[in-house]
Each structure stands twice: as C-alpha cells, then as structure tokens.
Engineer: 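I'd like to ask you about the structure that follows.
Positions are given from 1 along the sequence. In each ligand, atom 1 is the first atom listed, and ligand 1 is the first ligand listed.
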Amino acid sequence: MADFNSIHRLLVSYLLFFFLVKSNSQLVVCSADVKCTDAERRALVGLREGLTDPSGRLSSWVGQDCCTWKGVKCHDQTGRVTKLDLRNPYQLINGGAGDPTAYKRSCLGGKINHSLLHLEYLTYLDLSLNDFEGLEIPDFFGHLRNLRYLNLSFASFAGEIPPRLGNLTSLQYLDLYADSYSSTRLRKLRSGSLQWLSALSSLNYLNLGFAKLDSIGENWLQIFNMLPSLVDLRLHWCELKGLPLSLPSINFTSLSVLDLSENSFNSVVPRWLFNLTDLTELYLTWDFFSGSIPAEFANMKNLQVLDLSDNLNLEGQIPGLFGNLSTLQILDLSANNFHGEIHELFGGFSSNPNNKLQSLDLSSNTLTGELPESLGLLKQLQHLFLSGNSFWGSIPSSIGSLSALRKLDLSYNMMNGTIPESFGQLSQLVGMNLVANSWKGILKEAHLMNLRRLQHVRLSTDPTISLAFSVSYKWFPPFKLKSIQLENCMVGPSFPVWLQVQNELNSVILKNVGISDSIPGKWFSEVSVQVTYLVLSQNQIRGKLPPQLQFPYLNVVDLSSNYFDGPLPPWSTNATDVFLQENSFSGPIPENIGVLMPRLQKLYVSRNNLSGRIPSSMCDLEGLQILSLRNNKFSGELPNCWYRSLTLWGIDISSNSLTGNIPSSFGFLSSLSVLLLSNNNLEGEIPSSLQNCSGLTSMDLGGNKFSGSLPWWVEKLSSFFMLCLRSNFISGPIPDQFCNLQNFHILDLSHNKISGPIPQCIGNLTALVHGKSSEVFEGLIKVVTRGRDPEYSSVEANVNSIDLSGNYLTGEIPDEITSLSALRILNLSSNFLSKNVAEKIGNLRLLESLDLSHNHLSGAIPQSLTSLASLTRLNLSYNNFSGRIPLLPKFNDSSIYDGNPLLCGAPLPTKCPDK
Ligand SMILES: *[C@@H]1O[C@H](CO)[C@@H](O)[C@H](O)[C@H]1NC(C)=O
Ligand SMILES: *[C@@H]1O[C@H](CO)[C@@H](O)[C@H](O)[C@H]1NC(C)=O
Ligand SMILES: *[C@@H]1O[C@H](CO)[C@@H](O)[C@H](O)[C@H]1NC(C)=O
Ligand SMILES: *[C@@H]1O[C@H](CO)[C@@H](O)[C@H](O)[C@H]1NC(C)=O
Ligand SMILES: *[C@@H]1O[C@H](CO)[C@@H](O)[C@H](O)[C@H]1NC(C)=O
Ligand SMILES: *[C@@H]1O[C@H](CO)[C@@H](O)[C@H](O)[C@H]1NC(C)=O
Ligand SMILES: *[C@@H]1O[C@H](CO)[C@@H](O)[C@H](O)[C@H]1NC(C)=O
C-alpha cells in the first residue's frame with residue numbers, strides 16, 4: 001500500500017510539473033520555438049483526418065507544436081505554417097520499377113479537407129507521388145493566395161483543372177504532370193480552356209504533361225507565349241493539335257526548357273523555335289516532324305539537350321553544325337530516317353575541342369560509313385548509342401581516349417572490322433553492346449585490361465567469321481560482370497578463369513563459343529543462386545549437372561546442342577522456358593513435373609535418350625505452351641487428362657514409342673495449333689474431338705497404325721495448313737469436305753487404304769490455286785520443332801504438295817486438279833487411276849515433281865509437260881501411256897517411262913512409226 005501511495009504522489013507531482021512548464025511556455029511570446037496557432041493545428045488535424053495513410057507517414061502529427069510535425073514548416077517569427085511537403089518519399093523509378101506494393105503503402109490518399117484554407121500563409125504545397133485515385137483538384141486551392149509552389153504531379157488527380165488556380169497570382173511553380181503509378185493509370189486531368197493561366201505572370205515552371213488539352217483551341221501556343229517569366233514549359237503528351245509554324249511575336253523568350261514531346265504534330269520543325277535562343281533543353285520526340293534538320297539549330301548557343309528522337313520522318317544528312325553547339329550535352333536523333341555518313345557531324349565537334357557532349361544517340365537511322373577517328377575528340381562522352389544503322393569497318397582506335405564513356409551500343413550494324421586494343425582503356429565503361437555485327441580478329445588481355453567498371457557485356461559476330469578470345473587460361477580480369485552475352489566467338493575449348501570468377505552473373509549467354517569442357521562446379525553453384533537467364537547452347541559441353549543444385553530465380557535455361565548426359569537437370573520452380581534438346585540426357589521426365597516447375601511454358605527435350613511414360617502431372621502445367629519431346633524413347637500411352645492446358649499450342653512427340661490412342665481430352669486443348677505425333681505405334685481412329693481445337697493448323701500422324709476413315713471434320717478448322725497421315729491403315733474415300741480448306745498447303749495421305757475417286761472439288765483448295773502465303777504456318781511448325789531437325793527441314797520443301805500415293809484410288813485424275821496453279825509436288829503413284837491425263841496439266845507452272853507411276857493411265861503423255869520449266873522429277877512408269885514421248889531434254893533417264901509398252905521415241909530405244 002505504501003508503495004502505491006508513493007507512486008501516486010510521484011505521478012501527481014509529475015503532472016503538476018508538466019502543467020507548470022506548459023502554462024509557462026504559453027506566457028513566453030517571442031521565444032525561438034514558437035508553437036503553431038491553434039487554428040492552424042486544427043486545420044492540419046482536419047486535413048489528416050480526411051487522408052488515408054496506410055504506412056503512418058503522418059504519425060508524428062500529434063502534440064501541440066504542429067511546426068515540428070513531419071512535412072510542416074512554419075515561419076521563424078510568426079509561427080504560421082508556410083510549407084506543407086507531403087510528397088511520397090517512396091519513388092518508383094523509370095515508370096514503375098521498384099516495389100509497387102511498398103510504393104502504394106507509402107501513398108497518401110482520401111480527401112483533402114477544406115480546413116487547409118486556414119493555412120493562410122501557405123506558400124508551398126507538395127502532394128506529389130501520392131494516389132488520390134481520380135479525385136478532382138480541389139477548387140478551393142485557388143484561395144491559397146500566397147502559394148508560390150504547387151506540385152500535384154504523379155498523384156492521380158483527375159477531371160477538369162480548376163480555372164480558379166488562376167487566382168494564385170504569386171505562383172512560380174506549377175506541376176500538374178498527370179501520369180501516375182496507380183494501377184488504373186488514370187490520365188484524366190483535362191482542360192477545355194487555359195485562359196486562366198494568363199494571370200500567372202510570375203510562373204516560371206509549368207508542367208501539364210499527360211493532361212488532355214485537345215480542346216483548348218488552335219491558338220494554344222499563344223496562351224503560353226503570354227507568360228513572360230516562363231523558363232521551363234513541359235507539355236509532354238497533351239494531345240495538342242497543330243503546332244503553329246509561325247508566331248506574330250515571341251514573348252516567352254526566357255524559355256530554357258521546352259518539352260513538346262509525344263504530341264504527334266506531323267509537321268516540319270517550326271522556325272520560331274530558333275528565336276528561343278536561351279533554350280537549354282528541347283524535347284520533340286514522337287512528334288513526327290519531317291524534312292531535314294534546319295540549320296538554325298546552330299544558333300541555339302545554350303542548347304544542352306536536343307531530343308528529336310522517334311520522329312521517324314526526319315531525314316537527310318546530319319548537319320555538322322551541331323558540333324558548333326559548345327553547350328550541347330545530350331543529342332538524341334534516334335529513330336528517324338537520317339542517312340549518309342557522320343564524318344561531318346564529328347568534324348563539327350572536333351573543331352570545337354571544348355564540346356560538352358555527354359550523350360549521343362543516333363540509333364535506328366540508316367547511317368552508314370566507317371566511324372571516324374575524330375570520335376576520340378568527344379572527351380566528355382558518357383553514352384554513345386549507334387545501334388541499328390549500317391556502320392561498317394573497325395572501331396577507331398581513338399575510342400580509347402573516351403575516358404568518360406560508360407555505355408557503348410554498336411549493336412545491329414555491319415561492323416566488319418576489329419575491336420582495337422585501346423578499347424581496354426575505357427576504365428569507366430559499364431555496359432557494352434556489340435551484338436549482331438561481323439566482327440573479326442582476336443581479343444587479347446589488352447582489350448579488357450582496364451575495364452574495371454564493366455558489368456554488362458554483349459558481343460556476337462556472324463558464325464562464319466572468326467572472332468576469338470586469346471586470353472591466357474589463368475588471366476584474372478579487373479571486372480565483375482552482372483550479365484554476359486557472347487555468341488559465335490571462340491572462348492573455349494576450356495572454361496577460362498576470367499569467366500569462372502564471374503560469380504555475380506544474373507544473365508549468362510555463352511552460345512556457340514567453342515567450350516568443350518565440363519562446367520566448373522564452383523562457378524555453377526555460385527551463379528545458380530541468382531541467375532535468371534542461362535544459355536550455354538551449341539557448345540560441346542559434356543558431363544552431368546550437379547543434382548543438388550537449385551536455381552531459385554531461373555526463368556530461361558537453354559543447354560541445347562551439347563553433350564550433357566545423366567538425368568534431366570535440377571529444376572527451378574520459376575523456370576518458364578527450358579531448352580535441353582540435342583543432348584544425351586536419359587531417364588524419365590519426373591513424375592511430379594507439375595509441382596517441380598509449375599510455371600513451365602516451353603519444354604524442349606527433343607533428341608535425347610529420355611524414356612518412360614509422359615507423366616500425367618504434365619496436364620497440371622496450366623501455362624504450358626509448347627511440349628517438344630521428339631526423338632526420344634518415350635513409351636506407353638499418352639495421359640488422358642488435358643483439361644487445363646488452355647495455352648498449349650504446340651505438341652511434338654514424334655519418333656518415340658508411344659502406344660494406344662490419341663487421348664480424347666486433346667479436344668480440350670482449345671489453343672492447339674501444331675500436333676506432331678508421327679512415327680510412333682499409336683492406333684485407333686483419329687478422335688473427332690480434335691474438331692474442337694478450332695485453331696489447329698498442322699497435324700502429322702504419319703507412320704502409326706491409325707485406322708478408320710479420313711477426318712472429314714477438318715473442314716471446320718479454317719486455318720488448316722498441313723495434314724499428314726502417311727503410312728497408316730486409314731480407309732474409305734477422300735471426303736469432299738477437304739476441299740473447303742482455304743489454307744491447305746500440304747496434304748499427305750500416302751500409303752493408306754484410301755479408295756474411291758479423287759474428288760472433283762479438289763480445285764477449290766484456294767491456297768493451292770492462289771499460292772497464298774504459308775510462312776506463318778511454317779513458322780509455327782519451326783517454333784515447335786526448333787527448325788534444326790532434318791525431318792522438318794522438309795516442311796518448307798513440301799509446301800504446296802499433294803501426295804496420295806500408295807492407295808486404292810480409282811477413276812480418272814480430275815481436270816480440276818490442273819487449276820491448282822501453285823502446286824509444286826504432285827504424287828499420285830501406286831493407285832488405280834485410269835484414262836487420260838489432261839493436256840491442261842501444263843497449267844501447273846510451278847510443278848517441280850510429278851509422279852504418276854504405277855497406275856492405269858492411258859493415252860498420250862500431254863505435250864504441255866514441255867512447258868513446265870521447274871519440273872525436275874518426273875515418273876510416268878508402269879501405266880498404259882502410248883504414242884510419242886514429248887521432247888523433255890531434262891529427262892533422259894528412260895526408266896521413268898518403263899512399263900508403258902506403247903510409248904515410243906527418245907529416250908526410249910523404240911522408234912516411233914513414221915506417219
Ligand atoms: C475537416 O476538418 C475539420 C476541422 O477543421 C473537422 O472538424 C472535420 O471533421 C474535417 N472533415 C473531415 C471529412 O475530415
Ligand atoms: C478567382 O477565380 C474565380 C473563378 O475563376 C473568378 O471568378 C474570380 O474573379 C477570381 N478572383 C480573383 C481575385 O481573381
Ligand atoms: C507579346 O509582346 C508584345 C509586345 O512585346 C505585345 O504587344 C503582345 O500583346 C504580347 N503578346 C502576348 C500574346 O502576350
Ligand atoms: C526571330 O528572329 C529573327 C532574327 O533572328 C527575326 O528576324 C524574327 O522576326 C524573329 N521572329 C519572331 C517571331 O520574333
Ligand atoms: C566491310 O563492309 C563494307 C561495306 O559493306 C565493304 O565495302 C568492305 O569491303 C568490307 N570490308 C571488309 C574487310 O570486309
Ligand atoms: C520466383 O521469381 C520471383 C520474381 O520473379 C521471386 O520473387 C520468387 O522468389 C521466385 N521464386 C522462388 C521460389 O525463388
Ligand atoms: C467447290 O467447287 C464446286 C465446283 O467444283 C462448286 O460448285 C462449289 O461451290 C465450290 N465450293 C466452294 C466452297 O467454293
């Protein structure tokens with residue numbers, strides 16, 4: 001009890017003390033720590049009450065002295081609130097990179113309380129980077145008369161911009177940039193008239209980017225031209241209509257930054273721009289300017305940034321006069337139509353040794369020629385982007401003097417020379433992209449010597465050209481790379497130390513680089529922890545993969561065309577694309593693949609020694625797109641569980657030992673386009689449930705034991721491109737429905753038991769009449785088979801072919817077949833066809849191969865065969881043809897006429913009787 005009393009006494013005296021101190025402070029008037037006024041504190045509390053604040057950013061807004069609250073600034077003497085900075089401190093970079101959840105949590109939102117108006121002395125209000133979810137900008141902001149700074153950018157305000165903002169006559173800075181990180185990306189700030197702006201005579205920064213200003217009238221530029229203090233004007237993507245080509249007078253001459261990008265003006269570059277001689281930054285991207293670059297740019301002596309990229313239409317040579325712009329730091333002319341060489345441009349800079357150019361982007365034009373030595377005079381250059389042109393030759397050795405260079409992109413050019421040793425002097429270089437050129441020569445240690453900052457390397461050359469690393473096996477490099485891409489250049493045969501020490505890589509492409517080693521285990525396990533992209537294809541790498549390794553972040557793995565063996569490699573739960581084809585992997589596909597790699601989209605394991613059944617957990621891979629298992633030893637029946645693979649569009653399990661039927665559940669594969677099951681032991685009828693796969697384009701079921709009749713229902717599959725049922729036991733007639741296929745380019749029904757006549761409607765196969773393009777369909781098959789397979793190099797060879805050989809077809813060859821003028825291959829051999837061959841067969845101008853052998857055809861061989869210039873294969877043997885053989889000098893092998901006793905003339909020894 002005594003204890004309780006003493007505590008109680010202590011508490012009472014503490015409270016008394018606190019009260020005294022507090023009341024005391026209220027008596028002090030002119031102290032340094034003035035408290036804010038009650039009214040303003042209440043106003044702020046009111047504001048806080050209206051706001052949502054999931055991360056508790058305003059949790060410091062308690063207690064009496066609101067001047068100490070986070071984001072609040074008061075006047076030193078008066079204690080009145082002058083500044084309210086509620087900008088979201090969590091910023092997503094580059095239009096959204098970063099953690100969107102963390103950003104969103106850090107956002108303020110909700111309503112903005114009128115009580116704000118009690119902050120009469122407010123000069124600064126920043127609500128940027130928050131998420132007000134489409135709230136209108138409060139009209140009462142127009143009453144915050146002392147505001148000099150108002151920033152509502154990136155905050156998802158929407159609706160009409162209140163004209164009352166025109167009352168803020170002290171405003172110097174107004175940022176309403178209306179893009180946002182919010183998931184809805186509301187872009188709905190708009191204004192029908194900006195006349196109110198004219199009152200803001202102190203305004204020097206104005207950003208209305210992404211606001212919809214398409215209805216502010218033809219004279220829109222004049223509104224901004226009336227603002228005499230304007231220094232920085234940004235109107236990115238405002239849907240502005242029509243850029244005036246002339247102005248009666250130019251009043252905004254203090255303009256230093258002008259951003260009119262992405263307004264699609266479709267005009268030439270207007271001349272009044274050149275009167276803005278104070279401009280330091282000019283952004284005109286995606287405005288579709290045309291014509292050549294006016295020489296007047298050379299007068300803009302203060303220009304630091306000139307961005308004319310992505311206009312697509314700007315053309316002509318790049319004038320050298322840019323080199324005179326001694327203040328120019330960034331020149332971006334990418335994605336236009338500039339042509340010619342760039343000697344003049346570089347010459348301009350070289351006569352201006354104090355040039356400040358830091359970034360030069362000429363990518364995606366049609367520039368050509370060699371890169372000049374004068375390149376080395378751009379001493380301040382940090383970024384050089386020249387990709388997507390037709391530059392050729394070597395990199396000039398003067399590149400070594402670009403001591404500030406951080407990024408170099410020369411990809412997609414025709415560089416056919418060497419990389420100089422001086423390259424190794426680029427000690428600031430962080431990223432280089434030299435892919436898709438024809439580099440040659442030898443890269444030595446000197447080339448890489450001082451590249452201390454290098455993180456990203458991309459280099460490829462044409463596979464027919466020799467580019468080789470000649471670096472001693474034990475050489476230790478000065479760099480730690482984050483990504484590497486080397487293609488078609490010689491790095492092997494061993495896996496060199498300079499690569500082995502790169503253990504921070506998250507993207508690895510070493511494709512066709514001549515490595516015939518095994519993979520160093522230490523390197524592999526270090527890299528496995530973070531790598532997301534791993535390509536080691538087309539080498540001679542041998543050995544097994546360490547079974548215990550996990551690749552938690554791996555998305556894409558390509559080990560194809562090597563000598564890897566052992567069981568299928570360690571799995572990654574994040575893998576989407578797995579390319580393991582053309583190796584010696586053996587054993588089964590894991591029973592639980594659906595659990596091991598739930599995100600799998602593409603699985604390529606063709607040409608290995610894999611065996612066992614196709615596990616039914618494959619059906620659990622809901623994102624699966626391509627299943628390519630060709631040329632293995634898979635056996636047993638296909639699982640019948642394909643109910644959830646709604647994205648699966650390519651299946652290739654050809655050349656295995658599958659048995660049983662095609663599962664009826666294939667009919668649920670609503671995206672199925674390519675189905676290749678040839679050369680197995682499958683049997684039964686072709687299930688009619690496949691007619692539900694309405695996007696089916698190609699089906700190869702050849703070399704199985706299928707029976708029953710031909711699938712008449714393919715007529716429902718309007719995209720059908722290839723039907724191959726060769727070497728099965730299919731019987732019955734060719735259904736007329738086949739004739740309705742508008743995209744049929746390959747029909748192979750050979751070696752079955754098909755009977756009856758060739759339908760007359762065959763002339764309706766319009767793709768074979770008009771030779772419609774089939775590239776899209778061929779492309780699909782190539783994607784599924786990865787093109788390198790010799791069996792499918794024949795797809796292309798077989799386009800526009802009909803092969804009905806080895807059946808029981810009777811009747812005559814219908815005349816209508818001669819209207820298939822795009823036909824390249826026609827094989828009707830080994831049937832029971834009779835009567836004459838129509839003279840009109842000469843209409844098949846593109847025919848390369850014609851085989852009518854082993855039938856009962858009679859009459860004369862059509863004379864029109866002589867007009868088939870492309871014909872290289874012909875076989876008419878074992879029929880009843882009679883009379884004189886037409887003059888076909890290409891075909892002097894008499895065996896193609898064997899078994900036709902009534903034929904005469906060359907190349908047969910039998911002479912024709914004189915008439
Ligand atoms: C607005 O602020 C006032 C105090 O100034 C407060 O009484 C009122 O509840 C607030 N309104 C909202 C919606 O938070
Ligand atoms: C403030 O703006 C409103 C609406 O635009 C206007 O009617 C009013 O005259 C303005 N007041 C002043 C003092 O400019
Ligand atoms: C621009 O300035 C001229 C005088 O220098 C003036 O006559 C004209 O009204 C001004 N134009 C605009 C749109 O403010
Ligand atoms: C632009 O400047 C030129 C001289 O450099 C002058 O002749 C012309 O009148 C100016 N144009 C305007 C619209 O002020
Ligand atoms: C490089 O390409 C250019 C342009 O195609 C050609 O003129 C030149 O002869 C080539 N040089 C070499 C060494 O192949
Ligand atoms: C899969 O990748 C995501 C990022 O794309 C990552 O957050 C996740 O941790 C990865 N999964 C595993 C199992 O590592
Ligand atoms: C197919 O051709 C026949 C004549 O052979 C014709 O009657 C029919 O309308 C054609 N069908 C189509 C779909 O064009």
Engineer: Would one find more than 12 heavy atoms of other residues, nucleotides or ligands at under 6.0 Å from atom CZ of R145?
Structural biologist: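 Result for CZ/R145: open.
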Engineer: For atom 12 (C) of ligand 4, grab the closest protein heavy atom and report residue, atom and distance to one decimal in Å.
Structural biologist: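 Sorting protein heavy atoms by distance from atom 12 (C) of ligand 4 puts N275 ND2, 3.3 Å first.
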Engineer: Please determine, by modelled atom types, if S170 and R148 share a side-chain donor-acceptor pair under 3.5 angstrom.
Structural biologist: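 No pair is found: no donor N or O on one side chain lies under 3.5 Å from an acceptor on the other.
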Engineer: Which ligand 1 atoms does G50 reach within 4.0 Å, using its non-hydrogen atoms?
Structural biologist: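 Once the distances to G50 are compared, the set is 14 (O).
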Engineer: Is the shortest distance from atom 9 (O) of ligand 5 to a protein heavy atom below 4.0 Å?
Structural biologist: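 Answer no: nothing from the protein, no heavy atom, is under 4.0 Å.
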Engineer: With respect to L122, which candidate in N146, T82, L84 satisfies the side chain to side chain contact (heavy atoms under 4.5 Å, CB included) definition?
Structural biologist: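 Running side chain to side chain contact (heavy atoms under 4.5 Å, CB included) over N146, T82, L84 with L122 returns exactly one hit, L84.
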Engineer: Counting from 1, what ligand 5 atoms have a heavy atom of K440 closer than 4.0 Å?
Structural biologist: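 Under 4.0 Å from K440, ligand 5 has these atoms: 13 (C).
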Engineer: Return yes if a side-chain donor-acceptor contact under 3.5 Å exists between S106 and N88, otherwise no.
Structural biologist: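 Yes, a side-chain donor-acceptor pair sits under 3.5 Å.
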Engineer: If we count only N and O atoms by modelled type, under 3.5 Å, do the side chains of S364 and S334 hold a donor and an acceptor together?
Structural biologist: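 Judged by distance alone, the side chains do not pair up.
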Engineer: Output yes when the distance from some N or O of ligand 5 to some N or O of N416 is under 3.5 Å, and no in every other case.
Structural biologist: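 Between N416 and ligand 5 (N or O atoms, distance only) the closest approach is under 3.5 Å.
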Engineer: Suppose we measure from atom 5 (O) of ligand 1 to each protein heavy atom; which comes out shortest, and what is that distance?
Structural biologist: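 So the nearest neighbour among protein heavy atoms is S115 CB, 3.3 Å.
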Engineer: Quick one: which ligand 4 atoms are inside 4.0 Å of a heavy atom on L247?
Structural biologist: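 Counting atoms of ligand 4 from 1, those under 4.0 Å from L247 are 13 (C).
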Engineer: Please could you name the atoms of ligand 1 that N113 approaches to less than 4.0 Å, counting only its heavy atoms?
Structural biologist: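 Heavy-atom distances to N113 below 4.0 Å select 1 (C), 2 (O), 3 (C), 8 (C), 10 (C), 11 (N), 12 (C), 14 (O).
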Engineer: When you measure from atom 2 (O) of ligand 4 to the protein, is at least one non-hydrogen atom found at a distance under 4.0 Å?
Structural biologist: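 Yes, there is one.
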Engineer: Spell out, with a plain yes or no, whether C74 and C66 have SG atoms under 2.5 Å apart.
Structural biologist: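 C74 does not pair with C66 as a disulfide (SG atoms not under 2.5 Å apart), so no.
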Engineer: Does the side chain of H75 pick up a donor-acceptor pair with the side chain of Q77 at under 3.5 Å?
Structural biologist: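 No.
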Engineer: Looking only at protein heavy atoms, which one is nearest to atom 7 (O) of ligand 1, and how far off is it?
Structural biologist: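 Of the protein heavy atoms, E49 OE1, 4.9 Å lies nearest.
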Engineer: Scan the protein's non-hydrogen atoms and note whether one is under 4.0 Å from atom 14 (O) of ligand 5.
Structural biologist: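 There is a protein heavy atom less than 4.0 Å from atom 14 (O) of ligand 5.
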Engineer: For the residue pair S156 and D131, confirm or rule out a side-chain donor-acceptor distance under 3.5 Å.
Structural biologist: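 The answer is yes; a qualifying pair exists.
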